[in-house]
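Below, read A as the first sequence line, B as the second, and so on, with proteins coming before strands; counting in each chain starts at 1. Quantities reported herein were computed from a predicted structural model and do not represent experimental measurements. Side-chain atoms are counted along with the backbone in the values below, which use heavy atoms only and exclude waters and symmetry mates.
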2 protein chains.
Amino acid sequence: MTVNSARPEPLQEVIPIRRISLSDKIIDQIVDLISRNVLQPGERLPSEKDLCKRFGVGRATLREALRSLAVMGILDGRVGEGTFVSHNNQRYLERNLQWGLLLDPKKVGDLLETRLMLETQTAFSAARKATAADLEAMEGTIQGMENSVDRPEQYLRFDLEFHLLVAQATQNTILHQLVSMTRGYLQAWIKESLVSPPSRPEDRHRAQTSIREHRAVLRALRSGQAEQARQAMRAHILSSSADLHQHLEQTST
Amino acid sequence: MTVNSARPEPLQEVIPIRRISLSDKIIDQIVDLISRNVLQPGERLPSEKDLCKRFGVGRATLREALRSLAVMGILDGRVGEGTFVSHNNQRYLERNLQWGLLLDPKKVGDLLETRLMLETQTAFSAARKATAADLEAMEGTIQGMENSVDRPEQYLRFDLEFHLLVAQATQNTILHQLVSMTRGYLQAWIKESLVSPPSRPEDRHRAQTSIREHRAVLRALRSGQAEQARQAMRAHILSSSADLHQHLEQTST
DNA sequence: TATATTAAGGTTGTCAGACAACCTGTAAAT
DNA sequence: ATTTACAGGTTGTCTGACAACCTTAATATA
């Protein structure tokens, strides 16, 4: 019993007395059932009327619980059919991330920094795990870019596809989602910065440079040199971010 | 017009026709208001009756939207007072502690890999941006760990707090969110793996080791040596992940 | 008989009204 | 002036009802 251990709880703030609503309890129970695999993905829950009787609550209360779980992507309500356990429990992670990110005044600068980190790391990891099929698909997207240097819309789709393929090659679904998400948010800005000056001659040059950078990344991935892949991706991201930064400062001032 | 560019849309699957419920639309609107800071943290929303008239929906529908946002920690309903915008948007982390169990073992492995990447990078970035206040707060959490080596519950809270402080020190809100999220999901597993064998003697030893690792990270951050901070964090994460990996293989078999 | 149409029942989505539990501020009583 | 009681407003919950929709089976038609 030292002095320190005698102060187990600083009581830093007033006791956060929590009023637990009925729908919260229902949510906890359903989540528990799913996590224990009593309710399996794709399975249909009993009807709302039935669930009301089992839980002993009114339909409004039950529905508030079900809707909450549906919004998070854990359940999936279909009119006229029933309520089902979402088979891709993956989606609720994505939703949660979106809610989290939406609430912040999402600074594009922070996003760019995060993207740099994510993508350099995915390149590193992908160099070790990419399959022949992955590499072939990447080659296809690069050819797609070459064939659409004059169609920014289409070019961007191939560009995005390439980066997603790299993320997919890591075989880490969460990493893939994070990359997909950051790209998703940035895509709007990228598109704007590319479209606003309608097809300048520099765009063609920029596209050629970008394609060379992509090829460098792919080359490193092919040879399985992780560190080299990271550097190549880093160079590409920094290079492509420069335009965005420039465009940002123009619009913000 | 090559073969590649002639295949713009594979029409891979049937059109995912989506039925958008009214409460979903309300959720979108409210989230948008909050993200645009029209509704600020701590602010009180109009009463439900009032909101019903504004949105032109019934109270059940409105409540399903409000409850969904409340469950995610974005809103906070208080009986007799009103509904408020949650000021600590990190409350949704607490809830995710339970939902972490929804992830299957394979995804937990992915999460561990992702966490390693995120946290090593945050340590690197934090070494350059951490303020004196940040460092002092971290010191406090380490002392908290030392004073609670025999109370796993409390120890984990300080542990979590330390890592969140490191993320916060990067001054990158998105990075901070991602670290919060990954830690949040893992926390459920960490807790389970610590509680299942009730207070073995090794736990004390593990805690001491963990504290040393944390100190090493803090030392590197203090001296502003980014690369050293990354390595220290990497060592710590790998060391602390070992237990989880072991626990994972037990449960998956 | 085989196919198309219709009807019935069940299910979710939404609305309206009501009551309980609760908080706050004000007016009344001490 | 302090305490008490009350009234109004707010969220939490229940009940009943109707619309939109899906599935299934019975019915009508070729």
Side-chain angles (χ1 to χ4, degrees), chain A residues 13-30 33-34 39 41-87 91-92 95, chain B residues 14-30 33-34 39 41-87 91 95:
Chain A
E13 289 181 13
V14 186
I15 309 165
I17 188 171
R18 59 188 322 176
R19 175 189 317 283
I20 306 176
S21 65
L22 289 184
S23 46
D24 275 337
K25 293 180 185 173
I26 295 177
I27 289 178
D28 285 344
Q29 283 201 45
I30 294 181
L33 287 181
I34 296 178
L39 286 174
E43 190 172 344
R44 209 199 101 155
L45 311 192
S47 73
E48 294 183 350
K49 191 171 20 169
D50 196 354
L51 286 175
C52 285
K53 276 186 285 188
R54 300 202 198 193
F55 283 115
V57 300
R59 199 155 92 96
T61 303
L62 177 85
R63 275 190 59 78
E64 286 175 10
L66 293 186
R67 282 294 301 157
S68 296
L69 292 171
V71 167
M72 291 185 283
I74 296 177
L75 294 183
D76 182 21
R78 302 203 269 272
V79 178
E81 292 183 67
T83 305
F84 300 79
V85 179
S86 196
H87 47 296
R91 201 157 202 86
Y92 85 98
R95 298 265 178 118
Chain B
V14 186
I15 311 163
I17 187 170
R18 61 185 317 177
R19 176 189 317 283
I20 306 176
S21 65
L22 290 184
S23 46
D24 275 336
K25 293 180 185 172
I26 294 178
I27 287 178
D28 285 343
Q29 284 201 46
I30 294 181
L33 287 180
I34 296 178
L39 286 174
E43 190 172 342
R44 207 201 103 155
L45 313 191
S47 71
E48 294 183 352
K49 190 171 27 170
D50 197 354
L51 286 175
C52 285
K53 277 187 287 191
R54 301 202 198 193
F55 283 115
V57 300
R59 199 155 91 96
T61 303
L62 177 84
R63 276 190 58 78
E64 285 175 10
L66 294 185
R67 283 292 302 156
S68 296
L69 291 171
V71 167
M72 290 187 281
I74 295 176
L75 295 182
D76 183 20
R78 301 204 270 271
V79 178
E81 293 183 68
T83 305
F84 299 79
V85 179
S86 195
H87 53 302
R91 193 183 187 78
R95 298 224 152 259

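- For the pair B:I74/B:V85, no side-chain contact is recorded, criterion being any heavy-atom separation below 4.5 Å from C-beta on.
- For A:S21, the side-chain contact (heavy atoms from CB on, under 4.5 Å) partners are A:S23, A:D24, B:R67, not counting sequence neighbours.
- B:E81 meets the salt bridge (Lys or Arg N to Asp or Glu O under 4.0 Å) test with B:R78; sequence neighbours excluded.
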Nucleic acid footprint by protein, nucleotides 10-19 of chain C - heavy-atom cut-off 4.0 Å, B for base, S for sugar-phosphate alone: BBBBBB--B-
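- Partners of B:Q29 under the side-chain contact (heavy atoms from CB on, under 4.5 Å) rule, at least two apart in sequence or in another chain, are B:F55.
- Nucleotide D:dT13 holds its P atom 11 Å from the CD1 atom of A:I27, rounded to whole Å.
- By the salt bridge (Lys or Arg N to Asp or Glu O under 4.0 Å) test, A:R59 is found to be paired with A:E48, residues two or more places apart in sequence or in another chain being considered.
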